[in-house]
Amino acid sequence: EELQKNMTKLSVLQFSYSTLNGKADDSISETGTDRSHKDDANDAQGDALQVSQIKYPKGSKLGNALHSIFENLKFKEFGVSVKTLESAKNHAQLINLIDEHFKKQGLPIWKHQKEWTGYTVEIVWNTLHGELPVIAGGKRIDETFPLVSIPTNCIKKECQFNVNATLAECGVASDYIGRMFKGFMDVIFVRSDRYSILDWKSDVLENDIYSSAAVQAKVDEEYSIQRVLYSYCLIKWLKQFYPEKSDEEIFEQHFGGIYYVFLRGTCEGKGSGIYAHTWKTFDDLQKAFDKLKGLMTKKKTLAKEGDDDND
């Protein structure tokens, strides 16, 4: 209960790495990187055909609109009041929310009202009713849960961060990291006294296929730095509530993993489009973070040498 109260005061780091490419943990043993269910390739191809036919938008504006829609939804309340996909398609509040945020991004939804609104409702429904695998520290439990099961008071969205606590460990690289990475985590939520990170992704994957292999490859290629920093910083934030516990104990007892949800690939009752990640031990996460510090120190040194050459 004490930790849930502090969800409203959540402030860990001011990092965001959604625009970064790079690998910080490719040599670290991993668990929990598979999704709870395998995708059906035929279903994925059918969805891709549908999106093509309605000319559904792509790019950062669409991503911003979808992020804003989920930011303004109360997951459990929505699940209680809206029981079927068909009722969701007639839900005035959701339809108005979609319309508002598409228009804010300059997306011409008025030209494609039925098609775009209907498909966006399906994205919302499938995402909130998809099944996420349960992560407990370094283990993946043989259970799943949907986002609609999480109470509003156990969710914090758009979390801005304070770098001070973790940058103290980065030495010469601290100011470089502080300048390079700023922004927000999409969602942090707590279940059964375990804290998890969730990041929405509106990426269009190759051939619009969101298979288990395709989703994992995308995260490995573009978001491996992000998952290290987010996970490490969450452990450090939890330390203030468990000062008597070691980082290893906090990881094992209170870390619930990091989830990447590819919105175009989710499906009600399945784990498609969802990537779940943890590390076998906190030591593995620490090694990944140390590797990242090394990369940033090297990058800063090279940048300084370049500046000196130009003087």
Side-chain angles (χ1 to χ4, degrees), residues 18 32-52 54 56-58 62-76 78-79 82-89 91 94 97-98 101 115-135 140 143-150 155 157 186-187 189 191 196-219 222-223 227 257-277:
S18 56
T33 53
D34 295 324
R35 301 203 330 265
S36 58
H37 300 277
K38 300 297 182 182
D39 289 345
D40 185 324
N42 292 329
D43 287 347
Q45 290 173 345
D47 290 343
L49 179 61
Q50 178 187 358
V51 175
S52 174
I54 66 174
Y56 197 68
K58 302 178 182 179
L62 185 276
N64 291 337
L66 292 176
H67 275 66
S68 296
I69 291 165
F70 281 101
E71 182 183 351
N72 286 277
L73 274 176
K74 295 182 178 180
F75 300 165
K76 189 166 187 177
F78 180 82
V82 183
K83 298 297 186 181
T84 66
L85 175 57
E86 287 308 310
S87 62
K89 290 183 176 181
H91 191 267
L94 177 57
L97 191 64
I98 293 169
H101 290 290
E115 295 85 359
W116 287 12
T117 301
Y119 186 69
T120 306
V121 170
E122 290 182 16
I123 287 178
V124 170
W125 179 266
N126 286 327
T127 298
L128 294 183
H129 292 84
E131 295 293 330
L132 284 68
V134 175
I135 290 176
R140 207 180 112 168
E143 300 174 11
T144 62
F145 65 95
L147 291 173
V148 288
S149 68
I150 306 176
I155 299 174
K157 301 176 183 177
D186 292 339
V187 179
F189 63 88
R191 292 182 73 256
S196 301
I197 303 159
L198 184 148
D199 209 52
W200 309 118
K201 297 300 179 189
S202 60
D203 307 53
V204 179
L205 301 192
E206 186 175 0
N207 297 321
D208 281 305
I209 300 301
Y210 298 84
S211 66
S212 178
V215 170
Q216 181 172 339
K218 182 68 172 180
V219 176
E222 297 196 12
Y223 304 116
R227 68 188 175 199
I258 181 167
Y259 297 89
Y260 288 88
V261 178
F262 288 78
L263 298 169
R264 295 171 182 263
T266 56
C267 183
E268 177 184 6
K270 298 181 180 180
S272 58
I274 299 168
Y275 168 95
H277 186 86

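Starting from 1, each residue takes its place in the sequence as its number. In this text, all values refer to a predicted model and were calculated from it rather than measured experimentally.
At a threshold of 4.5 Å between non-hydrogen side-chain atoms, the residues Y260 and L198 do not count as touching. Proximity of V187 to L147: side-chain heavy atoms (C-beta onward) are nowhere separated by under 4.5 Å. Side chains of P57 and W116 form a contact here, defined as non-hydrogen atoms less than 4.5 Å apart. Two residues are said to be in side-chain contact when any heavy atoms from C-beta on lie closer than 4.5 Å; R264 and V204 meet this criterion. A 4.5 Å side-chain heavy-atom check between K76 and I150 finds every atom pair outside the cut-off. Within the 4.5 Å cutoff, the side chain of V124 has no heavy atoms near those of the L263 side chain. Considering only heavy atoms from C-beta on, E122 comes within 4.5 Å of L85 through its side chain. Looking at heavy atoms from C-beta onward, V134 lies out of side-chain contact with L132 at the 4.5 angstrom threshold.
A salt bridge is absent between E206 and K218; no separation between the charged side-chain nitrogens and carboxylate oxygens falls under 4.0 Å.
Side-chain atoms of T127 come within 3.5 Å of backbone atoms of I123 as a donor-acceptor pair (strictly under, hydrogens ignored). Checked by atom type and distance alone, the side chain of S272 pairs as donor or acceptor with a backbone atom of G265 at under 3.5 Å. The closest donor-acceptor contact from the side chain of K157 to the backbone of F70 lies under 3.5 Å.
Atoms CZ and NE2, on F75 and H129 in that order, are 11.5 Å from each other to the nearest 0.5 Å. Atoms CD1 and CD, on I155 and E71 in that order, are 12.5 Å from each other to the nearest 0.5 Å. Here D186 contributes atom CG and D199 contributes atom CG; the two are 4.0 Å apart, rounded to the nearest 0.5 Å. From K58, atom NZ reaches atom OG of S202 across 12.0 Å, with rounding to the nearest 0.5 Å. With rounding to the nearest 0.5 angstrom, the CD1 atom of I258 is 9.5 Å from the CD1 atom of I135. In this structure, K89 NZ and L94 CG are separated by 11.5 Å, a value rounded to the nearest 0.5 Å.
For the pair R191 and F145, the cation-pi criterion (under 6.0 Å, within 45° of the ring axis) is fulfilled.
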What do the steps show when you test L128 against L73 for side chain to side chain contact (heavy atoms under 4.5 Å, CB included), and what is the final call? CA-CA 10 Å; L128 294 183; L73 274 176; 4.3 Å; yes

Should W200 and L66 be marked as a side chain to side chain contact (heavy atoms under 4.5 Å, CB included) after you check the CA-CA gap, both sets of side-chain angles, and the distance that decides it? CA-CA 9 Å; W200 309 118; L66 292 176; over 6 Å; no

After noting the C-alpha distance and the side-chain angles of H101 and N72, does the key distance pass the side chain to side chain contact (heavy atoms under 4.5 Å, CB included) rule? CA-CA 10 Å; H101 290 290; N72 286 277; 3.5 Å; yes

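Between V82 and H91, the closest heavy-atom pair is CG2-CD2, 3.3 Å.
Aromatic rings of Y259 and H277 (six-membered ring for Trp) have centroids beyond the 6.0 Å cut-off, not under it. Note: F262 and Y275 fail the aromatic proximity criterion, with ring centroids not under 6.0 Å apart.
A donor-acceptor contact closer than 3.5 angstrom is absent between the side chains of T120 and T117.
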